[in-house]
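Structure first, then comments.
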Amino acid sequence: MIKRRIEEIVKAAVDACRKEGLIPSDAAAGFEITVPKIAAHGDFSTNAAMSLAAAAAMQPRKLAQEIVARIPKDAPELSGVSIAGPGFINFVLNPGWYLEGLREIWNAGAGFGCADLGKGRKVQVEFVSANPTGPLHIGHGRGAVYGDCLASVLKAAGFEVTREYYVNDAGNQIRTLGRSVYLRMKELCGEKIELPQECYQGHYIVDIARTLRETHGEAVSAMDEESAIDFLGEQAGSMILDEIKRDLAETGVVHDTFFFERELHKGALVEKTIEWLRERGHIYDQEGAVWFRSTAYGDDKDRVLRKGDGALTYFASDIAYHKEKYDRGFDRVIDVWGADHGGYVARMKAAVAAIGRDPASFDAVLIQLVNLIRGGDVVSMSTRSATYETLEDVRREVGRDACRYFFLMRSHNAQLDFDLELAKKESAENPVFYIQYAHARIASIFRKAEEQGLSAASPQEVDLANIDLPEEVRLARMLLVLPEVIEECAVELEPHKLAFYMLELSRMFQSYYSKGRTDERYMVLAEGGARTAAKLYLLKNVQIVLQNGLRILGITAPEAMAREEDALA
RNA sequence: GGGCCCAUAGCUCAGUGGAUAGAGCAUCUGCCUUCUAAGCAGAGGGUCGCAGGUUCGAGUCCUGCUGGGCCCGCCA
């Protein structure tokens with residue numbers, strides 16, 4: 001990684017200063033390597049002289065001179081080092097070094113971009129986890145795509161990742177589902193019913209009732225009401241879960257494991273966990289209820305695990321579930337929740353601490369709301385009524401690729417305006433289209449090249465001197481940044497940065513490509529000799545990076561952009 | 001009343017304690033005989049919500065305020 005190399009160079013120079021007593025050996029080593037906003041300031045910059053000036057009792061610029069003096073003049077990576085402003089040390093890289101770096105992309109191919117941040121540690125990403133009581137809405141969709149992409153990013157960053165879906169199949173909601181189906185079934189039999197407000201109102205309940213009536217009608221009519229409701233809840237829940245799985249699969253989201261709350265109860269794991277906590281002093285009884293002392297770990301109030309009526313709370317199951325996660329051997333646990341669960345973070349962190357795990361190994365990521373925009377207006381969404389926008393509707397309308405990209409193109413902790421019209425546009429305004437178009441253009445050039453009997457030079461035979469246009473060097477440099485972007489996404493749990501990177505890279509390529517229209521030096525297939533082979537070599541690397549980035553985002557990399565009229569023909 | 005999130009160009013948003021705060025859309029001006037113009041180049045447009053503080057340096061960190069979203073149950 002380029003940045004790391006610069007860091008090593010600066011560190012060596014700073015250490016040399018230390019050895020000579022210019023900087024006290026106990027001074028904090030803190031300095032940063034950054035990319036200046038302004039190109040004229042070079043490719044990389046460090047604040048080392050400024051941050052160490054106080055400890056060295058020197059003027060920053062003076063110290064900068066001392067540091068620069070200890071950087072080898074003949075470092076192959078560098079073509080220039082200068083001191084600027086209040087004491088920045090700026091580095092201009094040797095363009096040839098970037099171009100040499102392309103070899104790394106070519107050789108790694110689909111593996112380029114991977115980093116070793118995770119060092120094989122096991123991380124579980126739990127996401128979606130919607131109760132199987134109805135179809136997924138767009139809020140679930142955002143969480144699903146975020147969680148999936150985060151998992152891919154973590155995998156690329158060197159973690160061993162498991163995608164998990166937690167199914168609440170034991171609570172009241174499943175009973176309510178059972179009751180809703182039960183009533184609809186009676187209605188189908190010609191009875192006049194009244195559907196209570198807390199029941200699920202959607203039409204899908206009627207469909208499920210009809211199916212279950214056909215398959216299990218007789219059995220159900222033989223049951224008493226209570227067992228019928230239980231039975232129907234279980235059946236309907238499993239049918240809906242199948243639908244959710246299909247819906248997710250069509251969105252490109254596939255979980256490795258499904259964990260059922262029922263399993264916890266079967267093994268009496270919730271009770272066992274409460275006892276486990278009790279033995280360690282985290283539990284007390286008060287007013288007939290069993291309490292968890294979460295305030296001991298920073299929660300603002302203690303929480304009930306077993307209610308006065310003897311029933312376990314949802315939170316009790318959650319603790320048992322999370323204990324079970326760690327017992328399965330995960331070094332790190334990430335939960336992806338909707339923003340409305342913000343109030344649960346503190347108690348869950350407390351629970352992780354109480355079960356003897358490092359709270360820092362647990363992250364609850366909150367995904368903010370999605371506003372659907374159609375024609376400039378917010379399409380309002382109400383969760384309880386049957387009128388909310390489903391993930392499936394949106395995906396069918398805009399397509400899977402656009403759907404995913406739009407969910408990923410904003411930081412998860414900011415609300416997202418999802419513009420349906422924009423997502424459908426086939427023009428540069430639509431970022432998904434634009435990125436895919438960049439990939440398709442490259443594919444098209446390669447098709448043309450093949451027709452002309454041309455192909456990319458291999459790293460062994462390419463003459464890098466033929467890649468000499470400033471835009472080409474910039475492109476090469478941009479390509480080499482991918483591993484750093486992925487690391488950043490993984491550290492900050494923010495895959496949207498990859499989405500932005502992809503857009504920026506696409507712009508860079510599209511701009512370069514377009515110059516070929518007016519300036520032959522930029523035209524890839526212009527002269528057909530070693531120069532063309534070198535340009536194709538560069539383009540091949542651009543294509544690899546586009547493909548790898550798109551793969552992590554879960555978006556297809558098309559060989560050609562089919563016009564709508566072509567598709568119809 | 002308390003907690004979490006958000007506030008940056010007309011609009012949608014990037015922005016790692018660094019130097020002159022950036023994109024896209026929209027507006028205006030150019031560019032098609034060429035590898036896909038489904039595109040490209042350029043111009044204008046800013047009190048980074050407000051007020052303090054921390055320091056060599058703050059859009060970024062801290063405090064207070066204003067405005068908006070979500071949440072605050074022995075619900076799930």
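Quick note on labels: first sequence line is chain A, next is B, and so on, each numbered from 1.
A/N131 places no side-chain N or O within 3.5 Å of a backbone atom of A/T133 that could act as its donor or acceptor partner. In this structure, the side chain of A/T313 engages the main chain of A/V304 through a donor-acceptor pair within 3.5 Å. A/E198 contributes no side-chain N or O that, together with a main-chain N or O of A/P196, makes up a donor-acceptor pair within less than 3.5 Å.
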Could you go over nucleotides 6-16 of chain B and give all protein N or O partners under 3.5 Å, atom names and distances?
residue : atom : partner : partner atom : Å
B/C13   : OP1  : A/R410  : NH1          : 2.4
B/C13   : O3'  : A/R410  : NE           : 3.2
B/A14   : OP1  : A/R410  : NE           : 3.3
B/A14   : OP1  : A/S411  : N            : 3.3

Protein N or O to nucleotides 41-45 of chain B N or O, pairs below 3.5 Å:
residue : atom : partner : partner atom : Å
B/A41   : OP1  : A/S511  : OG           : 2.9

Got a list of protein N/O to nucleotides 26-30 of chain B N/O distances below 3.5 Å?
none

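Scored by the salt bridge (charged side-chain N to carboxylate O under 4.0 Å, His left out) test, A/R447 finds no partners at all (sequence neighbours excluded). By the ring-ring contact (aromatic ring centres under 6.0 Å, His included) test, A/F315 pairs with no residue at all, sequence neighbours left out.
B/G24 atom C1' lies 13 Å from atom CG of A/D419, rounded to whole Å. To the nearest angstrom, P of B/A76 lies 14 Å from CZ of A/R303. Whole-Å rounding puts the A/Y513 OH to B/U34 P distance at 10 Å. Following rounding to the nearest Å, A/Y321 (OH) and B/A76 (P) show an atom-to-atom distance of 18 Å. Between the NZ atom of A/K448 and the C1' atom of B/U34 there is a distance of 10 Å, given to the nearest Å. Atoms CG (A/L539) and P (B/U36) sit 12 Å apart, rounded to a whole Å. Distance A/F88 CZ to B/G17 C1': 10 Å, rounded to the nearest Å. Residue A/D363 contributes atom CG, which lies 17 Å from atom P of B/C4 at whole-angstrom precision.
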**Prompt:** With Watson-Crick and G-U wobble geometry limited to distances under 3.5 Å, how should the secondary structure of RNA chain B be encoded in dot-bracket form, using | for bases paired to another strand and [ ] for crossing pairs?
**Reply:** (((((((..((((....[...)))).(((((.......))))).....(((((..]....))))))))))))....
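Here A/R531 pairs with A/D468 in a salt bridge; the nearest charged N to carboxylate O distance falls below 4.0 Å. A salt bridge does not link A/K11 to A/E8: none of the charged nitrogens lies less than 4.0 Å from a carboxylate oxygen. A salt bridge links A/D169 to A/R262: one of the charged nitrogens lies within less than 4.0 Å of a carboxylate oxygen.
Among the protein residues, A/A289 comes within range of the nucleic acid bases, having at least one heavy atom under 4.0 Å from a base atom. Among the atoms of the strands shown, base atoms are found under 4.0 Å from some heavy atom of A/Y522. Contact annotation for A/L525: base contact, defined as any heavy-atom pair under 4.0 Å involving a base atom. Within the nucleic acid shown, A/A560 comes within 4.0 Å of at least one base atom, counting heavy atoms only. Nucleic acid contact class of A/N90 (heavy atoms, under 4.0 Å, all strands): base. Base engagement by A/A84 is indicated by at least one non-hydrogen atom pair under 4.0 Å involving a base atom. Using a 4.0 Å heavy-atom criterion, one finds that A/E504 contacts no nucleic acid atom at all. Residue contacts for A/G171: at a heavy-atom cut-off of 4.0 Å it reaches the sugar-phosphate backbone alone, with no base atom in range.
For a distance-only test at 3.5 Å, the side chain of A/D318 fails to qualify as a donor-acceptor partner of the base of B/A76.
Between the C1' atoms of B/C48 and B/C61, the separation comes to 16 Å (whole Å). Using atom P as the reference point in both B/G52 and B/G69, the two lie 28 Å apart (nearest Å). Separating the P atom of B/G46 from that of B/A21 is a span of 12 Å, rounded to the nearest Å. B/G57 and B/A19 are spaced 14 Å apart, taking the P atom of each and rounding to whole Å. Separating the C1' atom of B/U16 from that of B/U34 is a span of 43 Å, rounded to the nearest Å. Nucleotides B/C40 and B/U66 place their C1' atoms 44 Å apart, quoted to the nearest Å. B/A7 and B/G49: their C1' atoms are spaced 6 Å apart (whole Å). Taking the C1' atom of each, B/U54 and B/C62 are spaced 7 Å apart, rounded to whole Å.
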**Request:** Test ring pair (Phe, Tyr, Trp, His ring centres under 6.0 Å) on A/F44 and A/F91 and set out the steps.
**Result:** CA-CA 5 Å; A/F44 287 96; A/F91 300 89; 8.0 Å; no
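Residues A/Y314 and A/N168 bring a donor and an acceptor atom of their side chains to less than 3.5 Å of each other. Donor-acceptor pairing under 3.5 Å is lacking for the side chains of A/D335 and A/Y166. A donor atom on one side chain and an acceptor atom on the other are found under 3.5 Å apart for A/E471 and A/Y522. For the 3.5 Å distance criterion, the side chains of A/H439 and A/Q547 qualify, holding a donor opposite an acceptor. If you check the side chains of A/Y512 and A/E472, you find a donor sitting under 3.5 Å from an acceptor. At a cut-off of 3.5 Å, with distance as the only test, a side-chain donor of A/Q510 or A/R441 sits close to an acceptor on the other residue.
With A/T273 as the partner, the side chain to side chain contact (heavy atoms under 4.5 Å, CB included) test is satisfied by one option alone out of A/D318, A/I319, A/L305, A/L264: A/I319. A/Y501 pairs with exactly one of A/M478, A/E484, A/H496 by the side chain to side chain contact (heavy atoms under 4.5 Å, CB included) rule, that one being A/M478.
In this model, the phosphate group of B/U36 is approached by a side-chain N or O of A/S444 to a distance below 4.0 Å at OP1 or OP2. Between A/Y166 and B/A76 there is no side-chain polar atom (N or O) within less than 4.0 angstrom of OP1 or OP2.
Set against B/A38, B/C35, B/C75, the side chain of A/Y344 has B/C75 as its closest nucleotide. Side-chain atoms of A/N47 lie closest to B/G18 of the nucleotides B/G18, B/G69, B/U36. In the set B/A76, B/A38, B/C74, the nucleotide with an atom closest to the side chain of A/N131 is B/A76. Distances were taken from every side-chain heavy atom of A/K307 (C-beta onward) to each of B/C4, B/A76, B/G69; the shortest belongs to B/A76. You'll find that the side chain of A/A440 is closest to B/U36, out of B/G18, B/C70, B/U36. When each of B/A76, B/A38, B/G69 is scored by its nearest atom to the side-chain atoms of A/Q368, the top-ranked nucleotide is B/G69.
In this structure, A/K349 fails the cation-pi test against A/Y297, since its NZ or CZ atom is not both closer than 6.0 Å to the six-membered ring centre and inside 45 degrees of the ring normal.
Both A/D300 and A/G342 lie close to RNA chain B; mapped to their nearest nucleotides by heavy-atom distance, the more 5′-ward contact belongs to A/D300. Summary of the strand contacts: A/M50 and A/M523 both lie near RNA chain B, and taking for each the nucleotide with the nearest heavy atom, the more 5' one is attributed to A/M50.
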